[in-house]
Each structure stands twice: as structure tokens, then as C-alpha cells.
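Here's the structure we're looking at; comments come further down.
Note: hydrogens, waters and symmetry copies are ignored here, and every other heavy atom, side chains too, is used. Just follow the structure's listing: the first ligand is 1, and inside any ligand the first atom is 1. Sequence positions, counted from 1, serve as the residue numbers for this chain.
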Amino acid sequence: MRMSIQHFITYNTDETEQVGFSLATKLAPGAVVALFGDLGAGKTAFVRGLAKGLGVTKHVCSPTYALVHDYGKLIHFDMYRIAGPGDLESTGWYDYLYQTSVLAVEWSEHILKELPAEAVCVTITAGNNDNERRICIDYPGS
Ligand code: ADP
Ligand code: MG
């Protein structure tokens, strides 16, 4: 059973960041935030807000090339180019999973089988106009 699902509609990047920010207070240590959504959906914007909410002061940018950015309290992954367990291992995923940092995972579609059952799933989709986004946050059951 899923504990709860929240829906948001945002109309600019700041609002998406704010939704990410507000999620930070609800996360347990070691939580995995699995993000789903196309290129340009706003996943990185969401993670930027999440990072601020967790007290990360460094600027958060997309880990497209590095695959992972370690901000201490937050580990930010981009799984777009992950094709198998070897790739995933090279990001440190299997080690980070058992630590207390929050993991934010862009392109979670690419590692579905590796996501823990307790992952908080955040799906961002396009709305009715260019700057509108629908954000669904699905909290795991206990
Ligand atoms: P992703 O990481 O999903 O590829 P980014 O966060 O990098 O997406 O980029 C989102 C893009 O969409 C940015 O160019 C941003 O300005 C634009 N945008 C427009 N409206 C929104 C919104 N409501 N929320 C987030 N981003 C938005
Ligand atoms: Mg991104």
C-alpha cells in the first residue's frame, strides 16, 4: 500500500524549486528520491530546491557528465547514460545506498530494478502551457 500521493502544479522554475525545498523536511536520513520525467521537465530544478532544503549551500547543477555530484548531505545522480550494473557501480551507487545522505536520482527510469522499495518517487510532466509542470510525489508505504 502507498502511504500518500501529493500533486502540485508549478508555473515557473522557482515554484518547482520550492516543491523540492519542502520535500527536504519530510525525508528520513538515507532517503532515495527517484525522479522521473523527460529532458527539460524540471528534475534538476527540483533537486536544486531539495538541496537548499537540506542545507546544501553549493550551487547544484546537472551531473550529466560526471554522473554523480556529492554534496555531502545530498548525492545527486543522473542515470541517463547508465546501461548496466557496471556503469551504476562506477557512480558509487551501491555504497551510497547504505549511507545517511539523501540520494536524488534523475532518470530513475534507467535503473528501475535498482531502486529501493522505499524510494520517494517524483514524477514531473508537462502541463497545459510552456511553463506549467505537474509534479507528483509518491511516498512509500510503511
Ligand atoms: P531536467 O533536469 O528535467 O532536464 P531542468 O531542471 O534542467 O530539467 O530544466 C527545466 C527547464 O524548464 C529550464 O529551462 C526551466 O527554465 C524550464 N521551466 C519552465 N517552467 C518550469 C517549471 N514550472 N518548473 C521547472 N522548470 C521550468
Ligand atoms: Mg537534469
Legend entry - Close side-chain approach of His7 and Cys136, heavy atoms under 4.5 Å: yes

Inset, instruction - With heavy atoms of Lys43 as the reference, note each atom of ligand 1 found under 4.0 Å away. - result: 1 (P), 2 (O), 3 (O), 4 (O), 6 (O), 8 (O)

Inset, instruction - Treating Ile, Leu, Val, Met, Phe, Trp and Tyr as nodes and any side-chain heavy-atom pair under 4.5 angstrom as an edge, say whether Val102 and Ile137 lie in one connected cluster. - result: yes

Inset, instruction - Name the closest protein heavy atom to atom 8 (O) of ligand 1, giving the residue it belongs to and the distance to 0.1 Å. - result: Gly42 N, 3.1 Å

Legend entry - CD (Glu109) with more than 12 external heavy atoms under 6.0 Å: yes

Inset, instruction - Considering heavy atoms of the protein only, find what lies nearest to atom 24 (N) of ligand 1 and give residue, atom and distance to 0.1 Å. - result: Thr16 OG1, 2.6 Å

Legend entry - Shortest protein heavy-atom distance from atom 6 (O) of ligand 1, along with the residue and atom involved: Ala45 N, 3.0 Å

Inset, instruction - Using only N, O or S atoms, tell me which atom of Glu106 is closest to the Mg ion (ligand 2). - result: OE1

Legend entry - Closest to atom 9 (O) of ligand 1 (judged by heavy-atom distance), picking from Gly40, Ser62, Gly127, Ala126: Gly40

Inset, instruction - Could you tell me whether Ile124 approaches ligand 1 through its side chain, its backbone, both or neither, with non-hydrogen atoms closer than 4.0 Å? - result: neither

Inset, instruction - Number the atoms of ligand 1 from 1 as they appear, then name those within less than 4.0 Å of a heavy atom of Asn12, with their elements. - result: 21 (C), 22 (C), 23 (N), 24 (N)

Inset, instruction - State, yes or no, whether a side-chain contact exists between Tyr80 and Glu106 at a heavy-atom distance under 4.5 Å. - result: no

Legend entry - Within reach of ligand 1, part of Thr10 (heavy-atom separation under 4.0 Å): both

Inset, instruction - Can you sort out which atoms of ligand 1 are near Glu106, meaning under 4.0 Å from one of its heavy atoms? - result: 2 (O)

Legend entry - Heavy-atom closest contact (Ser62 atom, His69 atom, distance): O-CE1, 3.5 Å

Legend entry - Nearest-neighbour protein heavy atom for atom 17 (C) of ligand 1, which is reported as residue plus atom name and distance: Arg133 NH2, 3.7 Å

Legend entry - Path from Met79 to Leu67 over hydrophobic side-chain contacts below 4.5 Å: yes

Inset, instruction - Find out whether Ile82 and Trp107 are in side-chain contact, i.e. whether some heavy atom of one side chain is under 4.5 Å from a heavy atom of the other. - result: no

Inset, instruction - Quick one: list whatever passes side-chain contact (heavy atoms from CB on, under 4.5 Å) with Glu15, sequence neighbours left out. - result: Thr10, Tyr11, Asn12

Legend entry - Transitive ILVMFWY side-chain link Val120 to Phe21, under 4.5 Å: no

Inset, instruction - Starting from atom 13 (C) of ligand 1, find the nearest protein heavy-atom neighbour and note its residue, name and distance. - result: Thr13 OG1, 4.7 Å

Legend entry - For Asp38, atoms of ligand 1 separated by under 4.0 Å from a heavy atom: 3 (O)

Inset, instruction - Give the residue and atom name of whichever protein heavy atom lies nearest to atom 7 (O) of ligand 1, and the separation in Å to one decimal. - result: Thr44 CB, 3.7 Å

For a quick test of your reading: what N or O donor-acceptor pairs under 3.5 Å do the side chains of residues 24-43 make, sequence neighbours left out?
residue, atom, partner, partner atom, Å
Thr25, OG1, Ser22, O, 3.0
Lys43, NZ, Gly37, O, 2.9
Lys43, NZ, Asp38, O, 2.8

Legend entry - 2.8 Å cut-off met by an N, O or S atom of Ser62 to the Mg ion (ligand 2): no

Legend entry - Any side-chain heavy-atom pair of Ile111 and Phe77 under 4.5 Å: no

Inset, instruction - For ligand 1, note which part of Tyr11 has a heavy atom under 4.0 Å away: side chain, backbone, both or neither. - result: backbone

Inset, instruction - Could you tell me the residue and atom name of the protein heavy atom closest to atom 23 (N) of ligand 1, and the distance to it rounded to 0.1 Å? - result: Asn131 O, 2.8 Å

